[in-house]
Amino acid sequence: TPDNIHFTGRVLLVEDNQVNQEVAIATLELFGCQVTVADNGQRAITLTRKTSPPFDAILMDCEMPILDGFEATRRLRQWESETGRPRIPIIALTAHVLKQSRQQCKDAGMDDYLRKPFSQADLGATLCRWLPKASDNPGEQEQTVASSSGQIPDTVVSPPVSLFDDHSEPPSVPVLDQEALGYILDLARKGNKGLLRKMVDSYLARTPELLVELERALAHKDPEGVRIAAHTLKSSSLTIGAARLAELGRVMEADHDNLALVNQYFQLSGPTFTEVKQALNDLCTQKQEGDPL
């Protein structure tokens with residue numbers, strides 16, 4: 001099981017979203033990895049160029065400000081090629097599940113693909129393809145790395161069925177997704193005691209800023225601004241288990257060119273966030289009282 005696997009390796013995590021960073025770091029450390037964090041592609045290039053010995057793998061978020069994961073990967077591959085350095089495995093982190101997204105990752109020079117939000121088992125299975133396992137048997141380590149196919153798996157993942165597709169309100173999307181929250185609580189139990197409170201505080205501080213950014217983008221009739229803020233809202237909400245707000249973020253991102261429709265969804269975002277805030281704070285209080293983290 002993934003719980004028993006430990007890897008040797010230094011991993012560069014390239015992720016701009018603080019909530020997603022917290023979960024990824026906690027999960028990587030659980031596997032025994034040493035983690036360095038970069039919050040954009042430009043910083044990732046700088047760190048990779050000056051780090052010696054090199055990172056054993058890079059987890060690269062695809063959508064980031066300043067420099068996205070695709071362009072950062074292309075520049076790193078060019079640098080490796082020009083300087084004769086060994087190729088560092090780059091694993092794409094993306095919330096998209098479409099086949100063309102996988103092709104885009106391959107075209108940029110990425111080696112593998114991990115859909116967000118990912119579970120401990122998902123990450124463990126992916127790292128198995130690229131990192132040596134911690135073992136006293138050197139032959140076994142070689143075998144682990146040698147078995148890497150170098151190909152992005154081509155499994156077709158069905159995107160979740162949206163309850164907004166008929167443009168109706170979402171009565172049946174739960175405020176909180178217990179599965180995602182269960183994953184964070186599991187990480188907390190396994191040694192990262194303050195993780196839930198820390199993540200909730202990060203999420204509750206950042207989300208009002210994103211709602212302001214969305215409101216500003218709508219006021220300025222800026223579809224690209226809508227898309228970026230909605231994508232970030234979706235991504236962090238998925239990680240923290242705020243299912244209803246994540247779905248609002250997803251449909252605003254998908255329909256970012258239709259500002260009138262986005263505005264309808266946006267009107268639901270404030271009240272939904274109020275519900276999420278209450279539910280997450282209640283959960284933290286309940287866990288502190290009954291199951292100290």
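Taking the charged nitrogens against the carboxylate oxygens, Arg227 and Glu63 do have a contact shorter than 4.0 Å, which makes a salt bridge. Taking a cutoff of 4.0 Å between a charged side-chain nitrogen and a carboxylate oxygen, Glu15 and Lys116 qualify as a salt bridge. Salt bridge Glu213/Arg216: absent, no basic N to carboxylate O contact under 4.0 Å. Residues Arg43 and Asp39 are not paired through a salt bridge, judged by the lack of any N-O separation under 4.0 Å between the basic side chain and the carboxylate. Ion pairing between Glu253 and Lys234 holds under the 4.0 Å rule for side-chain N and carboxylate O. Contact check on Glu247 versus Arg250 returns a salt bridge, with a Lys/Arg side-chain nitrogen under 4.0 Å from an Asp/Glu carboxylate oxygen.
Side chain to side chain, Tyr113 and Thr126 fail the donor-acceptor criterion of an N or O pair below 3.5 Å. With no hydrogens or angles considered, no side-chain donor-acceptor pair links Gln286 and Asp282 at under 3.5 Å.
Scanning both residues, Ser269 and Leu245, for their nearest heavy atoms gives O-CD1, 3.8 Å. For Asp255 against Leu261, the heavy-atom pair with the smallest separation is OD2-CD2, 3.5 Å. Heavy-atom minimum distance, Leu176 versus Ala279: CD1-CB, 3.5 Å. Across Gly41 and Met64, no two heavy atoms sit closer than the pair N-CE, 3.7 Å. Across all non-hydrogen atoms, the minimal contact from Ala217 to Gly225 is CB-C, 3.7 Å. The two residues Met60 and Ala72 make their nearest non-hydrogen contact at CE-CB, 3.9 Å.
Looking at heavy atoms from C-beta onward, Val19 lies out of side-chain contact with Glu22 at the 4.5 angstrom threshold. For the pair Asp16/Ile66, no side-chain contact is recorded, criterion being any heavy-atom separation below 4.5 Å from C-beta on. Residues Val262 and Leu218 are in side-chain contact: their nearest non-hydrogen atoms beyond the backbone lie under 4.5 Å apart. A 4.5 Å side-chain heavy-atom check between Cys33 and Leu127 finds at least one atom pair inside the cut-off. Counting heavy atoms from C-beta outward, Gln42 and Arg75 have side chains that approach closer than 4.5 Å. With contacts defined as side-chain heavy-atom distances shorter than 4.5 Å, the pair Thr48/Ile58 qualifies. The closest side-chain heavy-atom distance from Ile91 to Asp111 is not below 4.5 Å. Side-chain contact check for Asn20 versus Asp61: every heavy-atom pair is 4.5 Å or farther apart.
Distance check: Thr73 OG1 to Asp107 CG gives 12.0 Å after rounding to the nearest 0.5 Å. How far CG of Leu185 is from CG of Leu195: 9.0 Å, rounded to the nearest 0.5 Å. A distance of 14.0 Å separates CG in Leu214 from OH in Tyr265, rounded to the nearest 0.5 Å. Within the model, atoms OG of Ser237 and CG of Asp177 stand 11.5 Å from one another, a figure rounded to the nearest 0.5 Å. Distance CG/Leu280 to CZ/Phe273: 8.5 Å, rounded to 0.5 Å. Atom CG of residue Asn17 and atom CG of residue Leu210 lie 8.0 Å apart, to the nearest 0.5 angstrom.
For the pair Arg244 (side chain) and Val173 (backbone), a donor-acceptor distance under 3.5 Å is present. Although no hydrogens or angles enter the test, the distance criterion places no donor-acceptor pair under 3.5 Å between the side chain of His256 and the main chain of Met252. A donor-acceptor contact shorter than 3.5 Å is absent between the side chain of Ser235 and the backbone of His231. Panel note: side chain Gln120, backbone Tyr183; no donor-acceptor pair is recorded below 3.5 Å. Using a distance-only test at 3.5 Å, with no hydrogens or angles considered, no donor-acceptor pair links the side chain of Asp122 to the main chain of Phe118. Without hydrogens or angle criteria, Asp56 side chain to Arg10 main chain gives a donor-acceptor distance under 3.5 Å. No side-chain donor-acceptor contact under 3.5 Å links Arg102 to the backbone of Asp112.
When hydrophobic clusters are built by joining Ile, Leu, Val, Met, Phe, Trp and Tyr residues whose side-chain heavy atoms come closer than 4.5 Å, directly or via intermediates, Val23 is not grouped with Leu238. One hydrophobic cluster, built from ILVMFWY side chains closer than 4.5 Å, holds both Trp79 and Met110. Cluster membership check: Val14 does not share its hydrophobic cluster with Ile228, using side-chain heavy-atom separations under 4.5 Å among Ile, Leu, Val, Met, Phe, Trp and Tyr. Follow the hydrophobic side-chain contacts under 4.5 Å out from Val276 and you reach Leu181 in the same cluster.
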Q: Could you check Arg49 against Ile45 for side-chain contact (heavy atoms from CB on, under 4.5 Å), going step by step and ending with a plain yes or no?
A: CA-CA 6 Å; Arg49 285 179 171 176; Ile45 291 171; 3.7 Å; yes

Q: Report the C-alpha separation of Leu196 and Lys287 in whole Å, then their side-chain angles, then the decisive distance to 0.1 Å, and conclude whether the side-chain contact (heavy atoms from CB on, under 4.5 Å) test is met.
A: CA-CA 9 Å; Leu196 179 67; Lys287 290 297 169 191; 4.1 Å; yes

Q: Verify side-chain contact (heavy atoms from CB on, under 4.5 Å) between Asn192 and Lys198, making sure each step is shown before the conclusion.
A: CA-CA 10 Å; Asn192 202 316; Lys198 191 176 175 187; 5.9 Å; no

(Q) Checking Leu59 against Val11 for the side-chain contact (heavy atoms from CB on, under 4.5 Å) test, could you report, in this order, the C-alpha distance in whole Å, the side-chain angles of both residues, the deciding distance, and whether it holds? (A) CA-CA 7 Å; Leu59 290 180; Val11 176; 4.1 Å; yes

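Not a single salt bridge (Lys or Arg N to Asp or Glu O under 4.0 Å) links Glu82 to another residue, sequence neighbours left out.
Surrounding CD of Glu209 are more than 12 heavy atoms belonging to other residues, nucleotides or ligands, all under 6.0 Å away.
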